[in-house]
Amino acid sequence: MFRNQYDTDVTTWSPAGRLFQVEYAMEAVKQGSAAIGLRSKTHVVLACVNKANSELSSHQKKIFKVDDHIGVAIAGLTADGRVLSRYMRTECINYSFNYESPLPVGRLVVQLADKAQVCTQRSWKRPYGVGLLVGGTDESGAHLYYNCPSGNYFEYQAFAIGSRSQAAKTYLERRFENFMDSSRDDLIKDALIAVRETLQGETLKSSICTVAVVGVDEAFHILDQETVQQLINAFEIVGETEAGAAEEEAGAEEEGTAAEEGAAAHQDAAPMDI
């Protein structure tokens, strides 16, 4: 994207009908570290990649708890994500105080989208440069939403945002039909594999990823590093075992085929050829 005369103000339309400031904010989401969300009938799993600016610094937090039944993963400007997560937390507290029941996930997402849309229509504001994956449960089950800086929101079965998220999307598109009936552990496993797809050859470790879970009977919480590492080791060992078993079966089939071909050759050959 190049600077032009139509991108100095968020309220200025280009002749092609585009708002460049909003598009720049959406580009900021693509530059952020990857965040992934998956849902089944009863659970939502959020995962993200932790990237530190240098070896001497710690990574910035990318997953936030909003309420016992809602959590959010972000990609883009972390400061904007922190402000929006605090706004969501306030809305949940107010709703719970007034109505003595948890705020439905869909209603919170609409309020968040309305707040983001206002920033695309005021010349003294700028769009939030962050994308949010909102996961939660309510009376209608588990939900996963994506909130865009443009003010749009979409509900997904599984989704990935951030840098190199296309590799994770490709994996999720191959597997999403099984997610609705997946167990909690299977959903976490798929989330970790999707995170690994975004690393482009880098080894997946618990120190560079964060995983959070919320379920119908399980409050939102972030898994500790030891648990995540155990899960990573478990699914990698399973993969190696399955690969080894497949190789053994292939070897056995090749040996059987060779033996059958040898026996047939002996039957067809003349006595002097044996």
Side-chain angles (χ1 to χ4, degrees), residues 32-52 55 57-75 78 133-137 142 144 156-165 167-172 174-248:
S33 57
I36 294 162
L38 305 84
R39 76 177 176 95
S40 66
K41 291 179 180 177
T42 57
H43 288 84
V44 180
V45 174
L46 299 175
C48 69
V49 178
N50 301 328
K51 288 292 184 181
E55 295 181 359
S57 69
S58 63
H59 63 83
Q60 290 184 308
K61 192 175 180 182
K62 296 287 186 178
I63 295 181
F64 300 94
K65 178 179 179 180
V66 175
D67 202 348
D68 285 339
H69 67 296
I70 298 177
V72 60
I74 66 171
T78 310
L133 289 175
V134 183
T137 59
L144 175 68
Y156 284 95
Q157 184 67 47
F159 198 56
I161 57 176
S163 62
R164 297 193 292 274
S165 60
K169 288 179 188 175
T170 302
Y171 172 79
L172 296 173
R174 292 201 308 264
R175 297 273 300 165
F176 81 95
E177 293 179 353
N178 302 323
F179 290 161
M180 284 303 286
D181 298 321
S182 291
S183 65
R184 175 184 180 275
D185 290 341
D186 288 340
L187 214 58
I188 295 173
K189 175 182 173 181
D190 284 319
L192 288 171
I193 295 175
V195 169
R196 187 181 63 183
E197 294 293 319
T198 68
L199 298 179
Q200 289 189 338
E202 187 178 347
T203 304
L204 177 63
K205 297 179 292 186
S206 60
S207 59
I208 62 172
C209 69
T210 303
V211 180
V213 183
V214 61
V216 174
D217 299 319
E218 183 177 4
F220 181 87
H221 66 284
I222 298 174
L223 302 182
D224 59 76
Q225 285 195 0
E226 292 181 2
T227 304
V228 174
Q229 189 60 51
Q230 290 173 1
L231 292 166
I232 291 171
N233 295 338
F235 84 71
E236 286 184 348
I237 290 170
V238 168
E240 292 171 0
T241 305
E242 289 175 352
E247 289 175 1
E248 290 177 3

Value rounded to 0.5 Å, distance of [atom1] in [X] from [atom2] in [Y]:
X	Y	atom1	atom2	answer
Thr198	Ile36	OG1	CD1	5.5 Å
Leu172	Tyr156	CG	OH	12.0 Å
His221	Ile63	NE2	CD1	11.5 Å
Asp224	Gln229	CG	CD	11.0 Å
Leu38	Leu187	CG	CG	5.0 Å
Ser165	Glu197	OG	CD	12.5 Å

Taking all atoms of both residues into account, what is the closest heavy-atom pair of [X] and [Y], and its distance?
X	Y	value
Asn50	Ser207	ND2-O, 4.1 Å
Leu46	Ala73	CD1-N, 3.9 Å
Ala191	Val45	CB-CG1, 3.7 Å
Ala158	Leu144	CA-CD2, 4.0 Å
Ala168	Ala160	CB-CB, 3.9 Å
Phe179	Arg39	CB-O, 3.6 Å

Test item: Ile208 and Leu199 side chains (from C-beta on) under 4.5 Å apart, heavy atoms: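 With C-beta onward as the side chain, the pair touches.
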Any side-chain heavy-atom pair of Asp185 and Lys189 under 4.5 Å: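 Result no, sub-4.5 Å side-chain heavy-atom pair not found.
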Criterion side chain to side chain contact (heavy atoms under 4.5 Å, CB included) on Leu223 and Ile188, from CA distance to verdict: CA-CA 10 Å; Leu223 302 182; Ile188 295 173; 4.1 Å; yes
Derivation of the side chain to side chain contact (heavy atoms under 4.5 Å, CB included) call for Thr210 and Lys62: CA-CA 8 Å; Thr210 303; Lys62 296 287 186 178; over 6 Å; no
Is there a donor-acceptor pair under 3.5 Å between the side chain of [X] and the backbone N or O of [Y]?
X	Y	result
Arg196	Leu204	no
Ser40	Asp181	no
Ser206	Val228	no

Exceeds 12 heavy-atom contacts within 6.0 angstrom, atom CD of Glu202: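 Yes, CD of Glu202 has more than 12 neighbouring heavy atoms, counting only those of other groups under 6.0 Å.
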Derivation and outcome, side chain to side chain contact (heavy atoms under 4.5 Å, CB included), residues Phe220 and His69: CA-CA 6 Å; Phe220 181 87; His69 67 296; over 6 Å; no
CA sep, side-chain torsions, deciding dist, call: Val211, Val195, side chain to side chain contact (heavy atoms under 4.5 Å, CB included): CA-CA 10 Å; Val211 180; Val195 169; over 6 Å; no
